[in-house]
Number of protein chains: 2
Amino acid sequence: MARTAGSHSDITGPKVADAALRLFARHGYAAVSMRQIAAEVGVQAGALYNYTPDKQSLLFDLMRGHMDELIAASDAQGSTGAPRDRLEAFVRFHILFHLARPDAVFISYMELRNLTPENFTVIEGLRRSYEDRLETILKAGTDAGVFAVADTKITTLAIIAMLTGVTTWYRASGRLSSEGVAELYWDMVRRAVNA
Amino acid sequence: MARTAGSHSDITGPKVADAALRLFARHGYAAVSMRQIAAEVGVQAGALYNYTPDKQSLLFDLMRGHMDELIAASDAQGSTGAPRDRLEAFVRFHILFHLARPDAVFISYMELRNLTPENFTVIEGLRRSYEDRLETILKAGTDAGVFAVADTKITTLAIIAMLTGVTTWYRASGRLSSEGVAELYWDMVRRAVNA
DNA sequence: GTCTATAAGTAGATAGAC
DNA sequence: GTCTATCTACTTATAGAC
């Protein structure tokens, strides 16, 4: 199916999302103008509106896409074994997934304030759904007596905050591999929850 | 010493900083205008420039003030006993200090991108100085054989990320007191590092 | 699908009256 | 010290030519 001359929607579309992701992560949503995004893509500002109805949708689509991908990948790798094995799989998955997408992670944690109330509700729901997967593991292990966790909800939030924190300091060029980092964090989590 | 009629610098100055702190925390530095801050204070936009040379200084002064206060308070409470006692004191201090200043904490972690390079360097130095206090404790405990920590630098960052995370979900109206939260987190940290 | 041009509004910061 | 008024530049988003 030949396309109209000058039509580049299948190329420009992803480039717009990529440019927005990179610029939002670097400078923050509010500090980035549509003109900056357009310049990064290599088009004029008006052309962006062929790919997004407005700037807000650009942010929301990036965040929803990231959360959908996170949940789908988490469920795809989900071990069904003992709580301790499921926890280990969760910790390693969370770190590797987040280290591979530093920009999307940064945006998803930093730009919640810049979502409209309706969009915020959607993203919050997805985030909570992801957290529930970890809490379910902690509850199962506590019920089985292999974990000693005083408060599964707070332990869930504490572990996720600790794990996600890797994205603030990790550099691929540093002395540790992603797997090495995951190993260190799994050791800490394991000891913190073991009965 | 009578002041000139209409002079309110000793009242307006702190109100400007308070308004900027609250608005920056709520909406983000880039999304807040000088006119919004002025409206919150109850003056016109031009009057703000009696208290700050520009918007950037407003942000930097808030962040530097927060970091200075954090370091001073940390040193003031610093236990000099055994590593385990010093770690417990650090954990409890960090949580109570941060839960008492949610807006300043939020700004200091979220608005680093909006600092000029020179200002960023200053804040980063203060942050690292604070982190060093925790790493020193972990090293002392590891050398003494009471902690088993594979990598003191990464463990330092992991613990701080976990502890600071409380500010994202804690509500004073919730079921837990600040002290109760500190207790739960200290339990996790203790088990994660104990030999 | 992309361009140029533009509408309509807001930004940070300053000048000068009071 | 605060006000009003203003400068210059930039903002998101749209209209219409090609």
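Because the structure is predicted, anything quoted here is derived from the model rather than measured. Each chain gets a letter, A, B and so on, in the order its sequence line appears, and its residues count up from 1.
Taking atom CG of B/Leu48 as the reference point, atom P of C/dG12 lies 10 Å away to the nearest angstrom. Protein atom CD1 of B/Ile37 is 10 Å distant from nucleotide atom P of C/dA13, rounded to whole Å. The NZ-C1' distance, from B/Lys55 to C/dT14, rounds to 17 Å in whole Å. Rounded to whole Å, atom P of D/dG1 lies 12 Å from atom CD1 of B/Ile11. B/Asn114 has its CG atom 15 Å from the C1' atom of C/dG12, to the nearest Å. Protein atom CE of A/Met34 is 20 Å distant from nucleotide atom P of C/dA5, rounded to whole Å. Distance, B/Lys15 NZ to D/dG1 C1': 13 Å, rounded to whole Å. One atom, CG of A/Asn50, and another, C1' of D/dA13, lie 13 Å apart when rounded to the nearest Å.
Across D/dG1, D/dT11, C/dA13, the shortest atom-to-atom separation from the side chain of A/Ser33 is found for D/dT11. Listed nucleotides D/dT2, C/dC3, C/dA13 differ in distance to A/Val43; the shortest reach to its side chain belongs to C/dC3. Of the candidates C/dA11, C/dT14, D/dG1, C/dT14 carries the atom nearest the B/Tyr49 side chain, counting heavy atoms from C-beta on. Looking at the side chain of A/Asp54, the nearest of the listed nucleotides C/dA13, D/dA13, D/dG1 is D/dA13. Among C/dA13, D/dT4, C/dC3, the nucleotide with an atom closest to any side-chain atom of A/Gln44 is C/dC3.
If you find the closest nucleotide of DNA chain D to A/Pro53 and to A/Gln36, the one lying nearer the 5' end belongs to A/Gln36.
Here B/Phe106 sits in one hydrophobic cluster together with A/Phe106, A/Met110, B/Met110; the rule is ILVMFWY side chains under 4.5 Å apart, joined directly or through other members.
A donor-acceptor pair shorter than 3.5 Å can be found between the side chains of B/Thr164 and B/His94.
Note on B/Thr12: a side-chain N or O is less than 4.0 Å away from OP1 or OP2 of D/dT2. Contact annotation: A/Tyr51 side-chain N/O to C/dG1 OP1/OP2 distance is not under 4.0 Å.
A centroid separation of less than 6.0 Å is found between the aromatic rings of B/Tyr130 and B/Phe90.
B/Glu111 has no carboxylate O lying under 4.0 Å from a charged side-chain N of B/Lys55, or vice versa, which leaves the two without a salt bridge.
No contact: B/Val41 has no heavy atom under 4.0 Å from any strand.
Within the 4.5 Å cutoff, no side-chain heavy atoms of B/Leu59 are placed close to those of B/Asn119.
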